[in-house]
Structures are given as C-alpha cells and as structure tokens.
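Step one of this worksheet: look at the structure below.
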Amino acid sequence: MDETYHNSSFSSIRAYGLALIQTPKRFTLRAGSVATTFEEMTRIRARSGSNMQKTLRWYDLIGLGLGGMVGAGVFVTTGRATRLYAGPSIVLSYAISGLCALLSAFCYTEFAVDMPVAGGAFSYLRVTFGEFAAFITGANLVTDYVLSNAAIARSFTAYMGTSIGIESSQKWRITISSLPDGFNQIDFIAVAVILIITVCICYSTKESSMLNIMLTVLHIVFILFIIIIGFTKGDWKNFIEPSDPKKPNGFFPYGASGVFNGAAMVYLSYIGYDAVSTMAEEVRNPTKDIPIGVSGSVVIVTLLYCLMGASLSKLLPYDMIDLEAPFSTAFQRSKGWGWVSNVVGVGASFGILTSIIVSMLGQARYLCVIGRSNVVPSWFAKVNPKTSTPVNASAFLGILTAAISLFTDLNILLNLVSIGTLFVFYMVSNAVIYRRYVTAGVTNPWHTRLFLLCFTFTAIIFTLTWQLVPPGKPKVSILVTCTVIGFAFIQLFQFAVPQVLKPQFWGVPLMPWIPSISIFLNVFLLGSLDGPSYVRFGIFSGLTVLVYLLYSVHASFDAEGNGNFVRKDIEIPSFPDENDHV
C-alpha cells in the first residue's frame, strides 16, 4: 500500500519537473525563474538521510488542522474585534476570514498534492520563484512560528491560572526588578510546556498526532459546551441593543467597514492550517488525504468560530464585552454562572497545547527542508533513523522557543507575529497562478508577471483607500473603480493567457479567480496590521538578505556545481522511465 502511494507521489513530482523544464535542447536557469528538476528534488530530499514514515491519514490531518487553528487566538481576538469593530456582526467577520483561509488553503493543497514533500511554502516557492524568494519567506515564517509559540506558551500559564482561580502573573511567575519591563517576568511553566512538547514531537509524528487528536477532542467538547451555554443563557436583544443607548445600535453598529476590520483582526485565529501542508511527506495517500484534511479542518473551524461569536454576542451587549478575556468575563458577569469561566480556562488550556504541538511540528519541517537546500547548515535536515523525525531541527527550535518564552512578555511577542505568515500566504497564492501559466523556455513569463504585479498594485490601492480615505463619495468611487479594474485584469488574463500546466491529481478550481481573490484578501488583511509589524518585517528581512548573501548563496544546493547561484546553459538531464520506479 505504502509503495503504491510512494509511486504516485514519485510520478507526480516527476511530471511537474518535466513540465517545468521541457524544452527542445537547452534552457537558461535564472534567479526568479527556477526550474527544479525531478532529480534535484530527489537529491535534496536525500540529504535528510532516513525517510520520514508515511503514517498520517486524512483524519490525522483534520485533527492537526483543528489543533493548529483552534488555539488561544479565538479566546482573545473575538473580544477586541467584537467591541471595537464588528459588534454582533462578528459572525460575518469570522465567515469572511474563513473564506479567505479556505481560498489560501486551496492553493496550499494543490502544491502539497503535486509535491508531497516536507517544507510547505518553502518548497513550493523554491520551485516556482527560486531559492532567494523561498529563503526570505521561509525565514520569516519560521521566526513567526517560534515567536508565536513562545507567546502561546506564556498564555498557557495565564489560562491555567484562570481555570483554578489563581492570578498566574502574580503567583506563578518570578519578577526580577533589575531587568527591563517586558522582560522581567520569568515563566518556568511556559518553558516546561515547550520542552515537554519538543520531546514528544522528536519521539514520533504519529504519536504526536494521536496526542493532538485527544487534546483537540477535549478542547472542542469545551467549546461546544461554551456555545450551548451561551445560546441557552443569552438574550437575542443583545444582537441589536447595546447597554449604552449612546452607542451605535443594530446588527451592524459600525457598518460594513467594521465587519471587514473585524475580519482582519480575527483572521489570526485561522493561522495554523498551513502547518498541515508541511507534513505532506508523511501522508500515506496525498491525493486523497491532503485535500480532505486541509479544507475540511478550515470549514469545521469556521463553523465553530461563527457559533462562538454568536454565542458571545447573545450573552452580552457588544459594548460590555471584555477586550482581553471576552468569554470568561462574560460568564463572570452572569449571576450564578461564574464557574463557567473556570471551564473556559480549562478549554483554552487544551487549545493552547494543541496549537503548540501543531506549530512545533510545522516549524521543524520548515527548517528541515531549508537545511536540505543548504541555505542553512545541513545538520538541520537530518532525519533520525530510529524515530523518522527531524530531531535536530525540532530540538534546536524547541530550545530557542523555550528560551524566548522564559522572559519575554506576551504583548511584545504578539506585536512581532502575523505579518510574515500573511506574506507567505500571499506568495503561495501568486505561485499557484505562476506555475499554471508559465513553463520555463516555452512560455513568456512576463504576461503572468505583469498580471500579478498589476493585480497586486490594484489590491494595494484598494486597501490604502479603505484604511486612509475618510468616508464619502470619493472613497466609494475609488473603491468601486479598483474593484472593476481588478475584475477586468482577471478576465483579460484568463482570456489572453492559456494554462500550460494542469495538475495531475488535484487543482485549485476556477483558475485564476480563486487564487486572485486570495491575493486580494491577503493584501487587504496585511493593510490592517500596525506600523511596528512592518518595521520588524523590514529589519528581519534585511538581516535575512545579508545572511543569504554572505553564507547561503555560496553553500546552497543551487550553487553546487560551479559555485554560483546563477547557472546558465544547463543540459537537460535524462529522466528514467516511469516504470523504473514502480
């Protein structure tokens, strides 16, 4: 059985490599237009030594997707988004964010099915846009994983304290006055959580998946309990009446802009499904399991989030919802229901653990594949022959995450997270269009590049107008114009540029509409982030470029052969017959 699946994946990668490089005799390989051959992908994968075992099925992937997404985010972002932006229409905000996540998930799924290798976005971008673009985005994504895991681990201490009625910041953290504010509260519980999970994911992927499934089931039981209590205890008038008559009323107290601004904020609660695609190399039947696992988890999470938002809005008027701990505070303010806030703390604690498990599984596989390309030391690429897991990458990132979680404040960490992840989602949506319409040496890539640049520019103008221009007719006119121009670009591109590559097993439907809409939504959500996020992104990206130029470009897989990362006039390698691998 496993051999059949292996051959299927083998043929898929080979077909993709052939489609990319097939030319009459010779082709030119340039930065930004990289054709990665089947032999190259095989050699890169071989750098890990032992293979990762194919033990995961679709239900494992759904469990990992649920565990990665249904973490602490929904218990924090819902309150702020409801009170400041959307009001009761937070239900629609979650639905819009869920649609955006689903469209991005489609793009990830096409790549993961055709190239079932570890590494997720790094692997996809490397074969589409080249090693440099993949390294920049991959480095940002790994950094965001580490920082978010450290932040979530510190929040575990707080929620565990809530579940038993103890103020954790005072009782379970040690304050060192000689350290600067934001770095002076030592959290040993967060460190212990990270190190224990690190040991688990080093031991076995399958066992880690089973642990995640058990914790996820318990977490969802708590969530369903919260939803049921909210709907039975709450009052429908809270959907249209605030507690303060001076506040805007109705289901849309802040209009359509409030709904979309709320969607941008709660979108962070969906981040985590991308970690599932990084484990494609360990899936038994990628063509079946990956589409069900990735898309199914996003749909289920969207439904749960919408119900949680409706439950919260039914419990309290939107202007009484707490910004930081909306669910537990809502029950505390209800006479005789204060004990439910303890249940919320328990449920959130389970969600935090599952989120950390999935994220740490994903971050280790990103670093493992980056190590295979030699842009970081190949030591990180090694797969332990006994456990069939990337132990080196898992242990290194686990220790780094634990060190950061020891002393760094939650708010400081949260300000550094998210922009990298959204940027990678944007890049993957571009990449899935590029791979469908461009074949190196056969088609003119500038038609596709021009479309992607123009459409992105239109999305940026729309986003800046939405964020900066005051309400009025000029704003509406600009937004409508950008919308018409964007649709015209998509229609013209679809009519003028034919597809040259159609996936063998599973592909994004309605090409290029779905990935184009995903591009727009990711640009729109990027526009909602604060200034410090962009400062961090710019500084870290600059440091990443320096690392690439000073080390990676000389040691990378693409540089092997003649010591230069731009190789010209490469002879097309001969491919063995497909039957040779069966």
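Being a predicted model, the structure only gives us computed values, none of them experimental.
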>> Checking Val298 against Met69 for the side-chain contact (heavy atoms from CB on, under 4.5 Å) test, could you report, in this order, the C-alpha distance in whole Å, the side-chain angles of both residues, the deciding distance, and whether it holds?
In response: CA-CA 8 Å; Val298 173; Met69 285 182 281; 4.1 Å; yes
> side-chain contact (heavy atoms from CB on, under 4.5 Å) between Ile136 and Tyr548: does it pass, once the steps are laid out?
Replying inline: CA-CA 9 Å; Ile136 296 296; Tyr548 185 83; 5.6 Å; no
>> Go through it in stages, so that I can follow the logic: the residues are Ile90 and Val266, the test is side-chain contact (heavy atoms from CB on, under 4.5 Å), and I'd like the CA-CA distance, side-chain angles, deciding distance and then a yes or no.
In response: CA-CA 9 Å; Ile90 186 66; Val266 300; 3.9 Å; yes
>> Before you tell me yes or no, could you show the steps for Phe451 and Ile490 under side-chain contact (heavy atoms from CB on, under 4.5 Å), namely the whole-Å CA-CA distance, both residues' side-chain angles and the distance that decides it to 0.1 Å?
In response: CA-CA 8 Å; Phe451 163 71; Ile490 298 174; 4.1 Å; yes
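Other residues, nucleotides and ligands contribute at most 12 non-hydrogen atoms within 6.0 Å of the CZ atom of Phe487. Within 6.0 Å of NZ on Lys288 lie no more than 12 heavy atoms contributed by other residues, nucleotides or ligands. For OH of Tyr85, the number of neighbouring non-hydrogen atoms (other residues, nucleotides, ligands) closer than 6.0 Å is 12 at most.
Phe505 and Val113 get closest at one heavy-atom pair: CB-CG1, 3.7 Å. The shortest heavy-atom contact between Pro503 and Arg435 is CG-NH1, 4.4 Å. For Gly79 against Ile321, the heavy-atom pair with the smallest separation is CA-CG2, 3.9 Å. Nearest heavy atom pair, residue Pro291 against residue Thr109, reads CA-CG2, 3.6 Å. Closest approach of Val428 to Cys107, counting heavy atoms only: CG1-CB, 4.1 Å. Counting all heavy atoms, side chain and backbone alike, Lys502 lies closest to Gln499 at CG-OE1, 4.2 Å.
A donor-acceptor pair under 3.5 Å is formed between the side chain of Arg365 and the backbone N or O of Leu361. In terms of modelled atom types and a separation under 3.5 Å, the side chain of Ser297 and the main chain of Val294 share a donor-acceptor contact. For the pair Arg436 (side chain) and Val508 (backbone), a donor-acceptor distance under 3.5 Å is present. Of the possible polar contacts, none joining the Ser311 side chain to the Leu307 backbone as a donor-acceptor pair under 3.5 Å is found. Between the Asn140 side chain and the Thr137 main chain, no donor and acceptor come within less than 3.5 Å of each other. A distance-only check finds no donor-acceptor pair linking the side chain of Ser518 to the backbone of Ile514 [under 3.5 Å].
Taking the six-membered ring where the residue is Trp, the centroids of Phe493 and Phe455 are separated by 6.0 Å or more.
From Ile478, atom CD1 reaches atom NZ of Lys473 across 14.5 Å, with rounding to the nearest 0.5 Å. Rounding to the nearest 0.5 angstrom, the gap separating the OG atom in Ser295 from the CD1 atom in Ile300 is 11.0 Å. Thr128 OG1 to Ile433 CD1: the interatomic distance, rounded to the nearest 0.5 Å, is 11.5 Å. In this structure, the separation between CD on Gln494 and CG on Leu510 is 8.5 Å, given to the nearest 0.5 Å. For the atom pair CZ (Phe106) and CH2 (Trp506), the distance works out to 5.5 Å, reported to the nearest 0.5 Å. The distance from the CE atom of Met511 to the OH atom of Tyr437 is 6.0 Å, given to the nearest 0.5 Å.
Aromatic ring pairs are classed by plane angle as parallel below 30°, tilted from 30° to 60° and perpendicular above 60°; the pair Tyr270 and Tyr305 is perpendicular. The aromatic rings of Phe239 and Phe251 lie parallel to each other, with less than 30° between the two planes, well short of the 60° mark.
By the 4.5 Å heavy-atom criterion applied to side chains, Thr302 and Leu102 are not counted as neighbours. Taking the side chain as every heavy atom from C-beta outward, Phe132 and Val545 approach each other to under 4.5 Å. The shortest side-chain heavy-atom distance between Phe135 and Val376 falls under the 4.5 Å cut-off. Within the 4.5 Å cutoff, side-chain heavy atoms of Gln363 are placed close to those of Asn149. Annotation: side chain of Phe122 is not in contact with side chain of Val142 (no heavy-atom distance under 4.5 Å). Taking 4.5 Å as the limit, every side-chain heavy atom of Val500 sits out of range of all side-chain heavy atoms of Val442.
Partner Leu61 forms a side-chain contact (heavy atoms from CB on, under 4.5 Å) with one of Ile292, Ile290, Leu66 and no other, that one being Ile290. Checked options Phe524, Tyr426, Phe425; the residue passing with Ile519 is Tyr426 (criterion: side-chain contact (heavy atoms from CB on, under 4.5 Å)).
No hydrogens or angles considered: a donor-acceptor pair under 3.5 Å links the side chains of Tyr434 and Arg449. There is no side-chain donor-acceptor pair under 3.5 Å between Ser89 and Tyr254.
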Listing, residues 457-470 side-chain donor-acceptor contacts under 3.5 Å, not counting sequence neighbours, or none:
from, atom 1, to, atom 2, distance (Å)
Thr458, OG1, Cys454, O, 2.9
Thr463, OG1, Ala459, O, 2.8
Thr465, OG1, Ile461, O, 2.7

